[in-house]
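Okay, structure first, notes after.
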Amino acid sequence: MNKVMVEVPGGAYPVLIGENLLGSVESLLPPDARRVVVVTQESVPYALDFAPRPSKVLLVPPTEAAKKLEVVQDLLEEVAAFGLSRSDAIVALGGGVVSDLAGFVASIYFRGIRYVNVATTLLSQVDAAIGGKTGVNLSTGKNLVGTFWQPSAVVCDVETLSSLADRELSSGFGEMAKYEFLGSGKLDMSDMVGSVTRCVQIKARYVAGDEREGAERAMLNYGHTMGHAIEALGISGAIGYLYHGEAVALGLVFAAHLALVLGRIDVEEVERHYEVVDRFALSSVLPSGVTADAVMAYLARDKKARGSITFVLADRLGSLEVVSGISGSEIQRAIESMRSWPRK
Ligand code: GLY
């Protein structure tokens, strides 16, 4: 088992990565927690034992559509009815939807109680469960309401990944691929404990350096500006549905083309993006419904919030930075570059 500490201003917490770890979750609860609520989903095929502490399992709906205030209200009512006190704890057992909801509830119930994330998806193990971002969506966009509320501990049992559907696992690989541009070195899918640990170490470093996402933590969003736009197009039905990590993989390749169009990187670096995405067996073919107009329409909200359209982009030294003021015509040129790229 590997342990990575996330050093945040409110106190450090451990992320445990290994096999057969579900039995140790109980020992990670705060010792003074007398009652436990587990938030999970019907599709998560695991149960946790907290005896002799009384515990209650609350199920949330299966998809991203569960991330809404009505579900938070229901969870809060149930948590209160179960009599969870200020010193008790919530355990999130599942992927990012579960940890976003359970963490949000933990952050506002009694103005904040403790919670432990038990991440059972790859996406969650390398990203969502770590770093304390919690929240829900509004009809106008994803994650528009939320808090920064760090868990007391995170458990990443890689054995739970065997229960994932193929595309769900691939989606995690999309998020994992991102870390190869953040300094992880080549990640080896046959060594999941080692590879998840490398990703967690990098995530922990960015979170420790910039818990509230001033600037540095934004690098974790590499591939995500276009990734989120593509994901939204999938949800709207304009293109076929894509999982988050599948959209991020396309977003990584797109970011390389945008950097190329802006003269920030050369063709070898673009090829490296393809090599990484190919190695994780993810598609780098932009669906035809991804047009500059559709992307600009999605990014209009970002533009309003930040004053201009912003991407995380690579430069020739291999480092990433936030670049603002990206125009529709630059996005158009990058899309054209990606569509006409000669694949070897
Ligand atoms: N998912 C990016 C972050 O946690 O900052």
Side-chain angles (χ1 to χ4, degrees), residues 4-10 12-15 17 64 67 92 94-104 106-107 115 117 119-137 141-154 156 168 171-184 187 196-232 242-252 255 302 305-306 310-314 320-322:
V4 177
M5 295 304 293
V6 184
E7 315 270 351
V8 279
Y13 61 90
V15 182
I17 307 114
E64 179 79 15
K67 280 179 50 181
V97 169
V98 170
S99 60
D100 280 7
L101 279 165
F104 188 42
S107 74
Y115 74 113
N117 275 333
T120 63
T121 66
L122 183 56
L123 200 72
S124 181
Q125 294 186 356
V126 298
D127 187 36
I130 302 145
K133 279 188 181 174
T134 83
V136 294
N137 306 325
K142 261 178 81 130
N143 299 326
L144 291 185
V145 176
T147 55
F148 286 100
W149 189 246
Q150 299 292 343
S152 318
V154 180
C156 303
E168 236 181 322
S171 177
F173 286 139
E175 199 68 55
M176 226 176 181
K178 171 191 83 179
Y179 286 98
E180 293 214 8
F181 303 99
L182 290 163
S184 67
L187 295 168
V196 171
T197 302
R198 284 297 301 131
C199 298
V200 171
Q201 284 167 333
I202 291 170
K203 174 122 196 197
R205 207 174 61 222
Y206 278 101
V207 170
D210 179 21
E211 185 189 16
R212 302 278 165 138
E213 196 168 317
E216 206 186 328
R217 184 170 173 166
M219 301 312 148
L220 292 169
N221 297 333
Y222 190 45
H224 282 63
T225 308
M226 186 60 151
H228 282 148
I230 292 172
E231 204 180 351
L242 289 171
Y243 282 65
H244 176 74
E246 295 172 330
V248 168
L250 290 169
L252 290 170
D302 269 26
R306 297 174 206 251
T310 299
F311 278 76
V312 177
L313 294 176
L320 299 177
E321 68 174 335
V322 174

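Order of appearance sets the numbers: ligands from 1, and atoms from 1 within every ligand.
Smallest separation of non-hydrogen atoms from Glu175 and Leu123: CB-CD1, 3.6 Å. Annotation for Gly132 and Tyr13: closest pair N-OH, 4.3 Å, computed over non-hydrogen atoms. What you find for Cys199 and Met176 is that their closest heavy atoms are SG-CG, 3.6 Å.
The Asp127 neighbourhood of ligand 1 comprises atoms 1 (N), 2 (C), 4 (O), with distances under 4.0 Å to a heavy atom of that residue.
Scanning the protein heavy atoms around atom 5 (O) of ligand 1, the nearest turns out to be Arg217 NE, 2.7 Å.
Within the 4.0 Å heavy-atom criterion, the part of Asn221 lying near ligand 1 is the side chain and not the backbone.
Looking at Thr134, Val98, Asp100 one by one, the single match for side-chain contact (heavy atoms from CB on, under 4.5 Å) with Lys67 turns out to be Asp100.
When the heavy atoms of Glu213, Glu175, Lys203 are ranked by distance to atom 3 (C) of ligand 1, first place goes to Lys203.
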